[in-house]
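A short write-up of the structure that comes next.
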Amino acid sequence: MLNEETQLKEFIIDSGLVTRTEYDDTENEAKKNGNNEKVGNLLVSYGKLSEDDLRRATAYVYGIPFISLANQKIDFATLSLIPEPVARKNNIIAFKKNFDSLEVAMLDIQDLASIEFIKKKVGLKILSRLTDSDSIKNALLQYQKSLKAEFGDMIQKDVLSLKSVEAFKTSKSSLEDELKKMAEDLPVVRIVDTLLKHAALQNASDVHMECMENQFLVRYRIDGILHDAMVLPKNASTSITARIKVLANLKLDEKRLPQDGRFKTDINGEAVSFRVSVLPTYYGEKTVMRLLRENLSGFTLESMGFHGECLEKVYEATRKANGMILTTGPTGSGKTTTLYSILEILNTVDVNISTIEDPIEYQIPRINQTQVKPEIGFTFANGLRSLVRQDPDIIMVGEIRDNETASLAVNAALTGHLVLSTLHTNSAAGAIPRLLDMKIEPFLLVSTINVVLAQRLVRKLTAKREKYFLTKAELDTLGKRVDLNSVLSSLKKENIIGKDDTWDKIPFYKLKSPDDEAEGFSGRIGIHEAFNMTSTIRELVMKGATTQEIEAQAKKEGMMTMLEDGIFKVVQGTTTIEEVLRVVSE
């Protein structure tokens, strides 16, 4: 092993990837600090060496073939031997099938668990090859393109074989019976199953099915943006809507009133819930389904974009035995996911955690989760009133919507409980006036609030990005909306840039081409702002200060606004200025 490390060192230096001095300095620093991490990994974390360059060097030293798939078209039959979720999660691609073996490209050849899983699944000998991140991303895009083509052809064939309502009509049958028979027709079942599977594989958050004048449009919301997925004949709408109503246990013959429901299905071994809303429109019924993964795993505050002082404020709030943690933002900004991630931190064996939600989006072991049912009088307020009699230590209220819920949540925080909840406001500072509007006394707010967060979700750039530098005029324009000095200070404090760097030397990132938007973004990350209840902010609240006054004081005390956090992430290469400005309104 020592000999291989020495060979790797010499190869990296001889290749000109880093200088001998840089390598030796990093090696000495690791020894001095007692850091057991390999020097190559440290060079990557310091930004002196790219992950892909380290993989190529490792492949050479260890005698492992290095494969580039960046411009290679992979046969879909071979590609699909590894399910897309497994390939995406483990960064492993099947690219060549031989008589008795399967060649797979990986970013980590020591991921023996993935290799063993695939070996059992395909029953072939697995030959591991190292590759780079661009190759993995290109192959994952081929999944989507191939699936779209395959599913599109499959759906179009099934649409041709769909039967009309009249085909099922008998003299004794009611409209509900006819629709039920139509919903159970094999082509309809296949179409709906395929659309749902494709949506899950595309990582869509919502599926929209809309009746137009002459067509039936299916769209997926991916990374917050709606994309056309399929255009079907208008006559497909009745049977597809009926099928979804059957799955969600809705009334088939009710087409005049909105209906809401839910169902669960298994897609590639993963349990996925679909929250269904059906709404009558001029040309027919529109169906929207929200996809909810049953098991929340792998989410941490850090992976969601929290960093620096904002992260510290959240962790500080979680260490308190009582009080309130509030997250704010519009619908779809990730508020609930943030609260679930905080609950994961708090979920230890010595506490009782109870939630009241609408709906229960993720199921977490050892947490008592309750669904509100307003139609029978079981509201957030009634549920919260019952929860406090269940001897909880920590309570999560899905949303504070009215005066009664707000009052009960504040009282629970006052009586020794840690309360987590969400509000619909545009900024963190806006939460205080909103609660005051809900008739909560100022002295109660300053006694209970631990931290208030606000957040938005921005799309993350892929490798299809390029550096550029802002001109002085562009920096001046940006400086009118953002405190660039505050952002610069945070970048230096977190070692993102050098201590002496100035804005004219700091690169920003953008798409290589506007036409690459579909492939240039993948996934989303949060931009955040947070303030805690300091003595000065307490005084402002007691005086009935405005949102602007509270925000100005929080910024004086070090709060980075969402817009500033967005610019921070642009410099990191995570997103673009245009994307940040798209989601943050002032």
Side-chain angles (χ1 to χ4, degrees), residues 313-328 335-336 338-358 360 364 366-374 377-425 428-453 530-535 537-544 550:
K313 288 173 184 174
V314 178
Y315 275 123
E316 182 184 344
T318 63
R319 289 192 284 268
K320 295 183 179 179
N322 52 56
M324 296 180 74
I325 298 174
L326 299 175
T327 65
T328 71
K335 302 185 300 297
T336 304
T338 295
L339 290 188
Y340 277 123
S341 299
I342 294 173
L343 286 180
E344 289 277 11
I345 297 169
L346 296 168
N347 191 12
T348 56
V349 295
D350 57 339
V351 295
N352 174 22
I353 302 176
S354 295
T355 75
I356 180 78
E357 305 173 56
D358 184 24
I360 297 172
I364 306 178
R366 300 182 63 89
I367 292 182
N368 309 289
Q369 297 173 263
T370 305
Q371 167 78 50
V372 301
K373 294 181 180 177
F378 186 48
T379 62
F380 276 116
N382 292 338
L384 183 53
R385 194 177 283 110
S386 298
L387 280 191
V388 294
R389 294 195 288 268
Q390 288 279 311
D391 187 31
D393 299 290
I394 299 162
I395 298 170
M396 185 183 106
V397 182
E399 184 184 342
I400 295 177
R401 298 176 180 171
D402 52 57
N403 299 6
E404 188 179 9
T405 306
S407 177
L408 288 167
V410 168
N411 285 331
L414 276 173
T415 54
H417 306 91
L418 183 61
V419 178
L420 287 70
S421 192
T422 70
L423 281 169
H424 282 291
T425 63
I432 303 298
R434 176 62 57 85
L435 289 168
L436 292 174
D437 288 343
M438 292 181 179
K439 311 301 181 187
I440 304 300
E441 295 292 341
F443 71 89
L444 293 177
L445 289 183
V446 300
S447 302
T448 54
I449 291 178
N450 295 341
V451 69
V452 184
L453 307 167
F531 73 87
N532 44 19
M533 195 61 70
T534 62
S535 57
I537 293 179
R538 284 192 182 94
E539 291 176 11
L540 287 175
V541 175
M542 293 300 294
K543 292 176 183 177
I550 294 170

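Scope of the values below: all heavy atoms of this structure, side chains included, with no hydrogens, waters or symmetry mates. Counting from 1, the numbers follow the sequence of the chain as shown.
- Atom-to-atom distance recorded for Leu453:CG and Ile325:CD1 is 8.0 Å, nearest 0.5 angstrom.
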(message) Working note: Asn368 + Leu387, criterion side chain to side chain contact (heavy atoms under 4.5 Å, CB included); need CA distance, chi angles, decisive distance, verdict.
(response) CA-CA 10 Å; Asn368 309 289; Leu387 280 191; over 6 Å; no

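- With sequence neighbours excluded, the residues forming a side chain to side chain contact (heavy atoms under 4.5 Å, CB included) with Ala406 are Ile400, Leu435, Met438, Ile440, listed by chain and number.
- Partners of Asn347 by side-chain hydrogen bond (donor to acceptor under 3.5 Å, both in side chains), not counting sequence neighbours: none found.
- When every heavy atom of Ala431 is checked against every heavy atom of Val452, the shortest pair comes out as CB-CG1, 3.7 Å.
- Within the 4.5 Å cutoff, no side-chain heavy atoms of Thr405 are placed close to those of Leu408.
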(request) Test Ser447 against Leu414 for side chain to side chain contact (heavy atoms under 4.5 Å, CB included), laying out the working first. (result) CA-CA 8 Å; Ser447 302; Leu414 276 173; 4.2 Å; yes

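- Among residues two or more places apart in sequence or in another chain, the side-chain hydrogen bond (donor to acceptor under 3.5 Å, both in side chains) test is passed with Thr534 by Thr536, Glu557.
- Thr348 meets the side chain to side chain contact (heavy atoms under 4.5 Å, CB included) test with Asp350, Val351; sequence neighbours excluded.
- Applying the side chain to side chain contact (heavy atoms under 4.5 Å, CB included) criterion to Thr379, with sequence neighbours excluded, gives Ala381, Asn382.
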(request) Test side chain to side chain contact (heavy atoms under 4.5 Å, CB included) on Thr355 and Ile364 and set out the steps. (result) CA-CA 11 Å; Thr355 75; Ile364 306 178; over 6 Å; no

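- Between Asp358 and Glu399 the shortest side-chain heavy-atom distance does not fall below 4.5 Å.
- Using a 4.5 Å cut-off on side-chain heavy atoms (C-beta onward), Met533 and Ile432 make contact.
- Under the side-chain hydrogen bond (donor to acceptor under 3.5 Å, both in side chains) criterion, Asn403 pairs with no residue, sequence neighbours left out.
- A heavy-atom distance below 4.5 Å is not found between the side chains of His424 and Thr328.
- Here the side chains of Ile356 and Phe378 are in contact, with some heavy-atom distance below 4.5 Å.
- Rounded to the nearest 0.5 angstrom, Ile353 CD1 and His417 NE2 are separated by 12.5 Å.
- Residue pairs meeting the salt bridge (charged side-chain N to carboxylate O under 4.0 Å, His left out) criterion with at least one member in residues 434-452: none, sequence neighbours excluded.
- Among residues two or more places apart in sequence or in another chain, the side chain to side chain contact (heavy atoms under 4.5 Å, CB included) test is passed with Ala413 by Met324, Val419, Thr448.
- Of all heavy-atom pairs spanning Thr370 and Ile360, the tightest one is C-CD1, 3.9 Å.
- Summarising the geometry of Val388 relative to Ala412, their closest heavy-atom pair is CG1-CB, 4.1 Å, with the distance given to 0.1 Å.
- What you find for Pro392 and Ser354 is that their closest heavy atoms are CB-OG, 4.3 Å.
- Considering CD1 of Ile394 and CG of Leu420, their distance stands at 7.5 Å, rounded to 0.5 Å.
- Evaluation of the side chain to side chain donor-acceptor pair (under 3.5 Å) test over residues 313-326, restricted to residues two or more places apart or in two chains, returns Glu302-Tyr315.
- For Asp393, there are no side-chain hydrogen bond (donor to acceptor under 3.5 Å, both in side chains) partners at least two apart in sequence or on another chain.
- Among residues at least two apart or in separate chains, salt bridge (charged side-chain N to carboxylate O under 4.0 Å, His left out) pairs with a member in residues 379-392 are Arg385-Glu404.
- The minimum heavy-atom distance linking Leu436 with Pro442 is given by the pair CD2-CG, 3.8 Å.
- Using a distance-only test at 3.5 Å, with no hydrogens or angles considered, no donor-acceptor pair links the side chain of Gln369 to the main chain of Glu357.
- Residue Ser341 holds its OG atom at 11.0 Å from CG of Leu346, rounded to the nearest 0.5 Å.
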